[in-house]
Every structure is written in C-alpha cells, then in structure tokens.
Amino acid sequence: TNPSQERQNIPTTTETEKAVEDKKAESTHAASTPGDVKPIYLTTEEFKEKVWDYEANPEEWTYKGDLPCIVDFYADWCKPCKMVAPIMDDLADHYDGKVIIYKVNTDENRELSTVFQVRSIPSILFAPMNGKPAMQPGAMSKEQYMDIINDFVLKENKTNNEQKES
C-alpha cells in the first residue's frame with residue numbers, strides 16, 4: 001500500500017483529543033472513572049436552586065437536593081482553603097453518587113456568606129437529606145471530613161451498622 005494512504009487513516013492529535021473530549025461529555029456522572037469527579041462551583045442563585053432557597057423559606061431549612069451535600073465556603077487567596085481543595089476533590093470522587101460536593105467562593109457570593117454567618121474560611125456546611133445542616137469552620141484532614149460525612153451526612157455510624165446486622 002501507498003504510505004500516504006496509510007497516513008490518511010491515522011487520526012491526528014486534535015482528532016484524538018476531540019474524540020476523548022466527546023467521550024467524556026457522553027459519560028454520565030454515575031459512570032465516571034475514578035479521579036474524574038470534582039466539586040461543583042455554585043453561585044448564590046444556583047445555591048438557592050440546588051441546596052436551599054433561603055428567600056422562599058427564611059425560617060426553615062428545606063434541602064432541595066436529591067443527594068446529601070457538602071458546601072465548601074472558600075476564597076482564592078485563602079491558604080488553608082487551598083490545602084482543603086485537593087481533599088474536596090478526593091471526597092467528590094470517593095462519594096460520587098452518594099454525596100455532592102459544592103464550592104462557594106465567599107468573595108463572589110457575599111450574600112451566602114452572610115446568610116450562613118461565615119466568619120472564617122474554609123467553612124464547610126454538611127447537609128444530610130433529613131434534618132438540619134451543620135457548619136464546621138477551619139481546615140481538617142481528609143479522615144476527619146470522612147468521619148463527619150459517614151456519621152452525620154450519610155448517618156452510617158457503627159451503631160446503625162450494628163443494628164442492621166442483628
């Protein structure tokens with residue numbers, strides 16, 4: 001065969017990259033491969049649509065999501081926030097399909113910071129499906145976040161597991 005004809009059948013780098021991007025776009029959230037899932041950045045309006053519309057329900061927490069969530073209140077200039085960011089990436093991946101990890105930039109969404117009385121960052125809001133959320137200020141280890149997620153957000157503490165087994 002003619003070498004120039006063979007080269008025509010080899011996809012170019014840009015075609016390959018486009019195919020990979022198309023494949024990523026096709027894959028659903030639940031079918032993602034490890035390392036693909038990242039936190040979702042929210043504006044104040046998106047927060048009101050997906051988490052809690054505090055204007056419609058100012059007196060009562062009414063969670064709007066289909067899965068429990070965590071909201072990381074952060075700022076780009078905050079060093080402890082930068083330390084927590086890769087942990088939140090890992091948690092988003094680890095709890096894919098179980099817990100949604102959101103991020104809210106406090107500089108760009110001051111109204112939300114005021115509503116939740118965020119005085120120090122990072123501050124993490126843990127919101128289970130039922131019951132009131134809990135706010136935890138300050139940076140913690142991945143293990144500490146996982147303990148809170150398992151025990152409070154997912155309510156998968158040892159007592160519940162022991163009760164299920166008996």
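The residues of the chain are indexed from 1 along the displayed sequence.
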So [Y] and [X], do their side chains get closer than 4.5 Å, heavy atoms only?
X: Met140; Y: Ile87; answer: no
X: Pro39; Y: Asp89; answer: yes
X: Asp76; Y: Asn105; answer: yes
X: Tyr63; Y: Pro133; answer: no
X: Leu67; Y: Val99; answer: no
X: Glu46; Y: Tyr102; answer: no

Kindly write out the residues that satisfy side chain to side chain donor-acceptor pair (under 3.5 Å) with Glu111, not counting sequence neighbours, or none if the list is empty. Tyr54
How would you list, by chain and number, every residue that makes a side chain to side chain donor-acceptor pair (under 3.5 Å) with Gln136, sequence neighbours excluded? none
Approximate separation, where rounding is to 0.5 Å, of [X] [atom1] and [Y] [atom2]:
X: Thr43; Y: Glu108; atom1: OG1; atom2: CD; result: 9.5 Å
X: Lys103; Y: Ile70; atom1: NZ; atom2: CD1; result: 11.0 Å
X: Leu42; Y: Glu49; atom1: CG; atom2: CD; result: 9.5 Å
X: Ile124; Y: Ile149; atom1: CD1; atom2: CD1; result: 9.5 Å
X: Asp147; Y: Glu143; atom1: CG; atom2: CD; result: 8.0 Å
X: Phe73; Y: Thr106; atom1: CZ; atom2: OG1; result: 9.0 Å

Please name the pair of heavy atoms, one in [X] and one in [Y], separated by the smallest distance, quoted to 0.1 Å.
X: Asp107; Y: Ala75; value: OD2-CB, 3.8 Å
X: Met146; Y: His94; value: CE-NE2, 3.3 Å
X: Ala92; Y: Lys38; value: CB-C, 3.7 Å

Show your reasoning for whether side chain to side chain contact (heavy atoms under 4.5 Å, CB included) applies to Val153 and Lys98. CA-CA 10 Å; Val153 177; Lys98 292 182 181 178; over 6 Å; no
Do side-chain atoms of Glu60 reach the backbone of Asn57 as a donor and acceptor pair under 3.5 angstrom? no
Trp52 side chain to Pro58 backbone, donor-acceptor under 3.5 Å: no
Report the relative orientation of the aromatic rings in Phe116 and Trp61; use parallel for angles under 30°, tilted for 30 to 60°, perpendicular for over 60°. perpendicular
Does Met83 belong to the same Ile/Leu/Val/Met/Phe/Trp/Tyr cluster as Trp77, with side-chain heavy atoms less than 4.5 Å apart forming each link? no
List in chain and number order the residues that pass salt bridge (Lys or Arg N to Asp or Glu O under 4.0 Å) with Lys50, two or more places apart in sequence or in another chain; answer none if no residue qualifies. none
Which residue pairs pass the disulfide (SG to SG under 2.5 Å) test when at least one of the two sits in residues 77-126, sequence neighbours left out? Cys78-Cys81
Would you mind listing the cluster partners of Tyr74? Hydrophobic ones only (ILVMFWY), side-chain contacts under 4.5 Å, chaining allowed. Tyr41
Those residues at least two apart in sequence (or on a different chain) that pass ring pair (Phe, Tyr, Trp, His ring centres under 6.0 Å) with Tyr95 are none
